[in-house]
Novice: 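Below you'll find the structure I mean.
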Amino acid sequence: MAKKVLKFGGTSVGTIERILHVASIIKRETDAGNKIIAVVSAMSGKTNELLKQSKSISNNFSKRELDVLLSSGEQVTCSLLAGALVEQGINAKSWLNWQIPILTEGENFNARIINMNTSKIDEFLSIKGVAIIPGFQGVSKIGDVTTIGRGGSDATAVAIAKLFGADTCEIYTDVDGVYSTDPNKIPLAKKIDKISYDEMLELSSLGAKVMQSSAVQTAMMYDIPLEVKSTFTNRHGTKIFNQESIDYTKSVTGVAYSKDDAKVTLIGVEDRPGVAANIFEPLSKNQINVDMVIQNISSDHKTTDVTFTIKRDDLSKTLEIIKNNNMINYNELTHNDKVSKISIVGAGMVSTPGITYKMFKGLAEEKINILAISTSEIKLSVIISEDDTLKAVKKLHSIFDLD
Ligand code: ASP
Ligand code: MG
């Protein structure tokens, strides 16, 4: 008998039939003798629809009222699911966040879970009850309803798994796990059976959007094992846990790509101490996240070129900041937003020599030009022209034996 947190995402509860199907999954689990806490998202599209309604009143819609509005989506799913279980003779009950309560801290729309009361629900579980809890929301110290950021039901599930001391936290979704690359674009993509938190974080922040990154981070911090699996098939999903327990047979676990980057180059920047700081200080002050930075060696010791990458959404703001920055001199400012970032990720990379060379050689064979490079212990990323994205992903996927 295990204590399990099962989280069902928006598509898993997107229709009444699907909610009935989720009820049958929960029934199977309780029949097997497990204690179940289910965390649910709003029906798919619902949160966006509510957000749109608030915007049709005002773009500045009260944040307090926005949280009251948005939290209603999860409330609906909670009651429908609990009702469906009761209909099947299961002792299920929904709890809204203020009834538990799940205490949060921080501003409306972007709060964080800091604690929750477990006694009432634990008591209910001990009499074979099934608890259904809405994800994505909580209550503040002053008793206001809060929400914890888009995609926040994952974070609720992980927090509940931690505070209730659950044996597992299973994330049910519309894909059957984490893949070695985007299965919609590359049919040869393979499901990964086991992956470390670090690799998962790299893959999800790089574009493989299976789970909310901050929820994976919390799971890593408290060592809560996760499993991502499909609501619609019975296949095994992907287990996510700490690195020590993983036996690496491959150096590279996955290839991720994202098309939301842009590259900026300052040509002919003065080559003296302090210049880089002068370029980047106003960017950081304006919350612009700089990803990769490359400075060419200056041959004349007078000027150099500085290239860096940022999120594409930040491009116009970045260009404006640089143009208005009178602390720096340069000859020309160029930019390119038709770029994409391709990354190979693998915790086994550290112990395998020659990965960098193999990646560059593979790209060269496809005549793909590398515009910028960055590395970390478990990741190697390059910026290339957007048109070459699929060609690059395919090539890397094949040369690192992921096909
Ligand atoms: N319903 C919320 C959202 O769409 C939370 C979630 O789905 O995790 O962002
Ligand atoms: Mg969601």
Side-chain angles (χ1 to χ4, degrees), residues 5-16 18-19 21-22 25 37-56 61 63-82 94-98 100 102 104 106-113 116 131-140 144-163 169-175 178 200-201 204-205 207-219 224 226-232 237 240:
V5 172
L6 311 180
K7 182 256 170 179
F8 296 93
T11 44
S12 302
V13 292
T15 62
I16 295 297
R18 288 182 174 190
I19 288 175
H21 177 63
V22 165
I25 293 176
I37 302 177
V39 175
V40 292
S41 288
M43 295 167 93
S44 55
K46 190 69 201 175
T47 310
N48 285 340
E49 186 189 316
L50 294 166
L51 204 57
K52 208 167 137 203
Q53 284 174 331
S54 76
K55 287 210 168 105
S56 66
F61 196 80
K63 286 263 167 14
R64 181 190 186 277
E65 298 315 320
L66 188 62
D67 278 355
V68 176
L69 179 70
L70 295 187
S71 63
S72 70
E74 270 73 11
Q75 176 168 346
V76 169
T77 346
C78 245
S79 63
L80 288 173
L81 179 58
S94 67
W95 264 275
L96 299 182
N97 288 281
W98 54 270
I100 302 173
I102 295 182
T104 64
E107 51 183 343
N108 278 94
F109 196 56
N110 214 358
R112 290 174 307 282
I113 296 176
M116 67 184 82
I132 317 288
I133 299 178
F136 179 53
Q137 53 197 271
V139 58
S140 74
D144 279 349
V145 172
T146 54
T147 63
I148 61 169
R150 292 306 304 271
S153 299
D154 287 341
T156 305
V158 171
I160 287 179
K162 174 189 164 236
L163 291 162
C169 179
E170 300 177 6
I171 308 290
Y172 279 86
T173 177
D174 52 356
V175 292
V178 181
M200 176 69 189
L201 280 171
S204 56
S205 62
K209 292 184 185 60
V210 182
M211 249 194 98
Q212 196 199 32
S213 298
S214 57
V216 180
Q217 250 158 3
T218 313
I224 298 161
L226 304 171
E227 182 169 353
V228 173
K229 48 164 58 167
S230 163
T231 308
F232 310 111
I240 309 164

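In this text the structure is predicted, and so the values were computed from the model without any measurement. Whatever order the structure lists them in is the order used to number ligands and atoms, beginning at 1.
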Novice: Among N97, N108, D67, which one satisfies side chain to side chain donor-acceptor pair (under 3.5 Å) with T147?
Specialist: D67
Novice: Hey, is E170 close enough to K229 for a salt bridge, meaning N to O under 4.0 Å?
Specialist: yes
Novice: Any non-hydrogen atom of G10 lying under 4.0 Å from ligand 1?
Specialist: no
Novice: Going by atom types alone, do T104 and S140 pair a side-chain donor with an acceptor below 3.5 Å?
Specialist: no
Novice: Heavy-atom contact check, 4.0 Å cutoff: does G135 meet ligand 1?
Specialist: no
Novice: So for ligand 1, is K7 a polar contact partner (N or O within less than 3.5 Å, distance only)?
Specialist: no
Novice: Please say whether G151 places an N or O atom under 3.5 Å from an N or O atom belonging to ligand 1.
Specialist: yes
Novice: Looking only at side-chain N and O atoms, does N110 offer a donor or acceptor that is under 3.5 Å from a partner on R150?
Specialist: no
Novice: Would you call K46 and E49 a salt bridge, using N to O less than 4.0 angstrom?
Specialist: yes
Novice: Against heavy atoms of S41, which atoms of ligand 1 measure under 4.0 Å?
Specialist: 6 (C), 7 (O), 8 (O)
Novice: If hydrogens are left out, which of E74, R150, Q137 has an atom nearest to atom 5 (C) of ligand 1, that is, the closest non-hydrogen atom?
Specialist: E74
